[in-house]
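This report concerns only the one structure given below.
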Amino acid sequence: MNVIKVVLKELTERKNQLMTSLLAIVMGIAVIVAIRSITYYSEKAIALEMDALGANVLILPKGVTVDDYYRADLTDETMPETYVDDILTSGLQGVDNMSPKLSMTALVSGKETIVTGIRPKQEFLAKPVWETAGNIFETPVGCAAPAGTTAPKDPNAVDRRTPIDVLPEDGVLLGNDLATRLGVTQGATLAVNGETFQVAGILPMSGTVDDGRVFAHLTVVQRMSDRPGRINAIEMMGCCQEISKDLIGGLNRRLPDAKVVTIKQVVSAQQRTNNMMRNFSLVFLVIILLVGGASIANYMFANVYERRREVGILVALGAGRGLIQRIFLLKALILGVVGGIFGYLAGTILAVVLGPRLAGIAVSPRVDWLLYSVLLSVGLSLVAAIVPVYRATKLDPSVTLQEV
Amino acid sequence: MIRIENLTRAFAVGRETIKALDGVSFEVQKGEYLTVTGPSGSGKSTLLMTLGGLSHPTSGRVMFDGVDIYRQTPPALAQFRTKTIGFVFQQFHLVPYLTAWENVALPLMLNGSGRGKHKDIAVGLLRRVDLSSRLNHKPSQLSVGQQQRVAMARTLANNPSVILADEPTGSLDPSLTADLLSLLADLNHEGKTIILVTHSNEVATAGDRHISLRDGRIQEVPGSGTTSNLERVGVRSS
């Protein structure tokens, strides 16, 4: 005989009551786990969508103004290309992709046109709208992309990947509008400042100044403009959470001769959406904690009331207040542990089943949340039990034992 | 020896204060068998609870072997109840979800004694009350008489020196009443002090002496209740 055995016997004595109270805890924890799971993967999916909006940080030479963001790279001022490596090796969190570029004005088929030097793969990562040009870029897999949410690739695009991914030095990409104006197609040749290039691809319409530009390899533009090793802009995709956590400050400290600006609308939209999701789940968490706590407290109050005569017996047989406390807290602990485990399982199943149907997102079980579920459930049960347990210790056995 | 000194126990009922015990004083010798009678509401059960360390008196003292039990710390008072006092109740107060032997073993668990031998001790006690065939039965599966015997076995589990019985025959028929009184008499002969509260004058004759309570005060005891007799056994009416 020991206290645990006595408590377990008491809990299983009235199975209906036990199941009712357990159900309340399980449902509370299940709803928390389900909502948290769905919002977690929703946040990730939204972050992924936000990334698809493109670069949200622009790094420019110090003296450049950003009155017109889309023409901010058309300047004579430059900065070293090594800034890219500096950022990569800085250990700054939240840098998802960088695309350095150098722009110059050149005669293309006799017309003055902007030629922008890029690192092809990185440029495509920063320009999701170019995706249909051949899907040469990977969907961002940085901080925002959860496992299992990467968009499937178009198999028809595979054969177009090679020429763009490894843009040769004599190859160029043409903006859609420019290609139409010049009447050239993929594979045609093009004269840029007297040099002949082959059109490796026509970019899809983006609705930006890119539609009127020629894109060549960065090293080619550096050579043609006689600015080797120099760039005049780095477009960067930063994770919105890290941007709000001083990514920009970190970049400024790391690159004192550069100007770091964010595209406010994009960043603030990202932050707003993420904050909304977080607040949404927080509100649910608070409501459920209150409802769940009240339910457990109600059960414990009822249990203390129903067991008041047994409390009297135990005291008459020599139990102290401490033992009475331990007995009722042990009940709350057992309810908390069992409720936490089953609540986690029910909530995870709910999220996995309902996530794709309600939110259109795939939800995977988070095993690490089992511990949090149990801790939350146990904490809630113990806190909710404090007042009822205190009342149990204050029961007067001389009164409870004389009740008929 | 037990000495009760000017014991008062008041309860607040709404705005009224009701004195369940009002200046009660008496002594009980070691090994004595005392019966307490009185009508409903006279304070009999309250007296027993106060004697057993379950109900703090409003004033006065309860002395066991010269120690005021209510001046002890709560853990010491709990220990006193475990080791010294054995309660017998009219309604038996068995724990409904425990079997007969588990009910009997409950005081052993609370006392921390006989660890690992709880069942053996409980079975021995149940055998003494002739219930060895009902070890694993729950109270609801036992007759009234069997429940009372389980309660008696539980009372004896920690071998208390004082048994406080609150209307122990109140739920029993005459045959079971006789059995229980016989068992109490045996225990008394073994040296245990017994204080039995009853509303039955017939049961009250089972003891060495008896006192009567009315409105929380000790009254003259019919039959043996001459003032000289009361004084002889240490009863003083305030």
Side-chain angles (χ1 to χ4, degrees), chain A residues 1-19 21-22 299 302-331 334-335 389-404, chain B residues 9 11 20 45-50 52-56 73-99 101-112 114-116 118-119 121-122 138 151 154-155 157-158 160 164 166-167:
Chain A
M1 278 282 284
N2 54 48
V3 173
I4 294 175
K5 188 175 175 184
V6 171
V7 169
L8 287 175
K9 283 219 162 200
E10 196 256 300
L11 283 173
T12 52
E13 168 71 7
R14 293 181 185 173
K15 291 188 181 65
N16 288 343
Q17 196 189 30
L18 172 71
M19 292 311 292
S21 53
L22 250 183
Y299 166 75
N303 190 257
V304 167
Y305 182 75
E306 285 169 7
R307 303 298 184 193
R308 64 195 184 285
R309 189 174 293 180
E310 284 154 41
V311 171
I313 299 168
L314 291 174
V315 173
L317 294 177
R321 304 290 182 201
L323 185 76
I324 301 299
Q325 277 177 3
R326 283 207 301 279
I327 286 174
F328 281 98
L329 287 176
L330 193 58
K331 277 183 209 176
I334 292 170
L335 284 175
V389 169
Y390 176 75
R391 284 206 179 175
T393 63
K394 290 295 173 191
L395 285 173
D396 184 347
S398 69
V399 174
T400 59
L401 287 174
Q402 289 183 66
E403 287 178 352
V404 178
Chain B
R9 180 69 169 97
F11 294 98
S45 294
T46 303
L47 173 65
L48 216 59
M49 297 290 176
T50 311
L54 287 178
S55 184
H56 279 253
T73 60
L77 186 56
Q79 275 292 94
F80 161 77
R81 284 195 300 269
T82 309
K83 294 192 168 172
T84 310
I85 304 293
F87 281 99
V88 185
F89 302 101
Q90 178 184 356
Q91 292 165 322
F92 322 133
H93 291 320
L94 297 175
V95 179
Y97 47 85
L98 298 181
T99 63
W101 82 260
E102 288 167 341
N103 264 288
V104 176
L106 208 50
L108 299 169
M109 181 198 85
L110 297 173
N111 189 20
R115 202 159 292 180
H118 289 171
K119 188 164 187 179
I121 297 170
K138 287 185 178 172
R154 184 181 66 186
T155 301
N158 280 333
L164 303 176
D166 187 6
E167 300 274 12

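Computed from heavy atoms alone, side chains included, the values below leave out hydrogens, waters and symmetry copies. Labels below follow one simple rule: chain letters A, B, ... track the order of the sequence lines, proteins then strands, and each chain is numbered from 1.
- With sequence neighbours excluded, the residues forming a ring-ring contact (aromatic ring centres under 6.0 Å, His included) with B:Phe87 are B:Phe89, listed by chain and number.
- Using a 4.5 Å cut-off between heavy atoms, A:Glu10 contacts chain B through both its backbone and its side chain.
- When A:Gly312, A:Gly320, A:Ala316 are compared by the number of non-hydrogen pairs under 4.5 Å with chain B, A:Ala316 comes out ahead.
- At least one side-chain heavy atom of B:Leu106 sits under 4.5 Å from a side-chain heavy atom of A:Leu314.
- Taking all atoms of both residues into account, the shortest heavy-atom contact from A:Ala319 to B:Arg81 is O-NH2, 3.4 Å.
- Taking CD1 of B:Ile85 as the reference point, atom CG of A:Leu317 lies at 12.0 Å (rounded to 0.5 Å).
- Applying the 6.0 Å contact sphere to NZ of A:Lys9 captures more than 12 heavy atoms from other residues, nucleotides or ligands.
- Here the closest non-hydrogen pair linking A:Gly318 and B:Thr82 is CA-OG1, 3.0 Å.
- With a 4.5 Å cut-off on side-chain heavy atoms, A:Ile313 and B:Arg154 count as touching.
- Of all the heavy atoms in A:Arg307 and B:Tyr97, the pair that sits closest is NH1-CE2, 3.9 Å.
- A:Lys394 NZ: 12 or fewer foreign heavy atoms inside a 6.0 Å radius.
- Between chain A and the options B:Gln90, B:Met109, B:Lys138, the largest number of non-hydrogen pairs under 4.5 Å is found for B:Met109.
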